[in-house]
Amino acid sequence: MLADALSTNLLEWTDNGMRKRREESKIKIAGDIDYTKVDSDEVLSEEVLEFKTWPAMTKHLVIKKRTAQGGIYYIFKFVSGKGVMNWGPADYRLAEQQIYIGNIPILMELPKEPGDYTPIPEDYRYE
């Protein structure tokens, strides 16, 4: 009985995860991002991304935005821990447990440098 319940929950979790990935794979990825228009691009969502890295917790405010052309990208506002510019593939795997990153472009913004965006190369995400 417990095994049946666990199997049902696992199948439901797997099905929901697969459905979410299919929906997110349809996202229009932003091409070239016009840094002068970042502040006026549409905000789609904001959420806190927090996970354990060595030696402490890593925390970013993640803002999902849409360009005037409909392309999606993220702004990762550094709060504490390891900045996204210093992440390796293992860090991206941990982050992917909370938000879909895939090949969506990421800009990093430091607290002491608002409006100064650093593009994070996609090849940092893979081994």
Side-chain angles (χ1 to χ4, degrees):
M1 191 138 187
L2 177 60
D4 290 338
L6 290 173
S7 294
T8 301
N9 284 342
L10 181 59
L11 287 173
E12 184 178 310
W13 178 81
T14 303
D15 184 51
N16 288 340
M18 288 172 57
R19 188 177 312 113
K20 184 177 180 189
R21 292 286 182 209
R22 277 195 305 272
E23 290 168 7
E24 289 168 339
S25 68
K26 297 175 187 174
I27 293 172
K28 181 179 178 183
I29 305 299
D32 292 332
I33 299 168
D34 184 346
Y35 297 105
T36 64
K37 296 184 179 177
V38 168
D39 292 335
S40 62
D41 284 342
E42 179 184 4
V43 174
L44 300 176
S45 65
E46 291 186 25
E47 59 185 288
V48 174
L49 173 64
E50 187 171 24
F51 58 92
K52 179 81 171 143
T53 56
W54 186 88
M57 295 297 287
T58 288
K59 187 174 184 178
H60 287 74
L61 174 62
V62 179
I63 303 168
K64 186 177 187 180
K65 298 195 96 173
R66 182 183 2 244
T67 65
Q69 294 75 32
I72 303 297
Y73 66 96
Y74 288 123
I75 296 176
F76 277 50
K77 290 189 173 200
F78 176 80
V79 177
S80 63
K82 187 193 287 188
V84 67
M85 70 173 42
N86 297 315
W87 290 8
D91 300 309
Y92 282 100
R93 283 192 295 276
L94 288 171
E96 283 268 6
Q97 293 174 12
Q98 294 179 49
I99 65 167
Y100 174 75
I101 296 175
N103 60 346
I104 296 174
I106 296 173
L107 302 178
M108 181 176 164
E109 182 180 30
L110 297 171
K112 294 180 182 176
E113 301 170 8
D116 185 13
Y117 303 105
T118 303
I120 306 301
E122 191 176 329
D123 57 348
Y124 282 25
R125 304 175 197 184
Y126 312 108
E127 294 181 277

In the structure I gave you, are the side-chain heavy atoms of F51 and Q97 within less than 4.5 Å of one another anywhere? no

Mind checking the OH-CD1 spacing from Y92 to I106? Nearest 0.5 Å is all I need. 4.5 Å

Short question: side chain of E42, backbone of A68 - any donor-acceptor pair under 3.5 Å? no

Taking every heavy atom of M57 against every heavy atom of K52, the minimum-distance pair comes out as SD-CA, 3.7 Å

So which heavy atom on K65 is nearest to which on D41, and how close? CE-O, 3.2 Å

Here the gap from M108 atom CE to T118 atom OG1, rounded to the nearest 0.5 Å, amounts to 7.0 Å

Residue from V84, L110, T58 passing side-chain contact (heavy atoms from CB on, under 4.5 Å) with F78: L110

Tracing side-chain links under 4.5 Å among I, L, V, M, F, W and Y, which residues wind up in one group with V48? I33, Y35, V38, V43, L61, I63, Y73, I75, L107, Y117

State, to 0.1 Å, how close K82 and W87 come at their nearest heavy-atom pair, and which atoms those are. O-NE1, 3.0 Å

Would the number of heavy atoms belonging to other residues, nucleotides or ligands and lying under 6.0 Å from CG of D123 be above 12? yes

Value for NZ (K64) from CD1 (I99), rounded to nearest 0.5 Å, stands at 9.0 Å

I'd like to check Y74 versus L49 (side-chain heavy atoms, cut-off strictly below 4.5 Å). Are they in contact? no

How close do N103 and E122 get, heavy atom to heavy atom, and via which atoms? CB-OE2, 3.0 Å

Is there a side chain to side chain contact (heavy atoms under 4.5 Å, CB included) between D34 and T67? Walk through the geometry before answering. CA-CA 8 Å; D34 184 346; T67 65; over 6 Å; no

Which pair of non-hydrogen atoms, one from Q98 and one from E47, has the smallest distance, and what is that distance? O-OE1, 4.2 Å

If hydrophobic clusters are built from ILVMFWY residues whose side chains come within less than 4.5 Å, do F76 and V79 share one? no

Count the heavy atoms belonging to other residues, nucleotides or ligands that lie under 6.0 Å from NZ of K112, then report whether that count exceeds 12. no

Distance-minimising heavy-atom pair for K77 and E109: CE-OE1, 2.6 Å

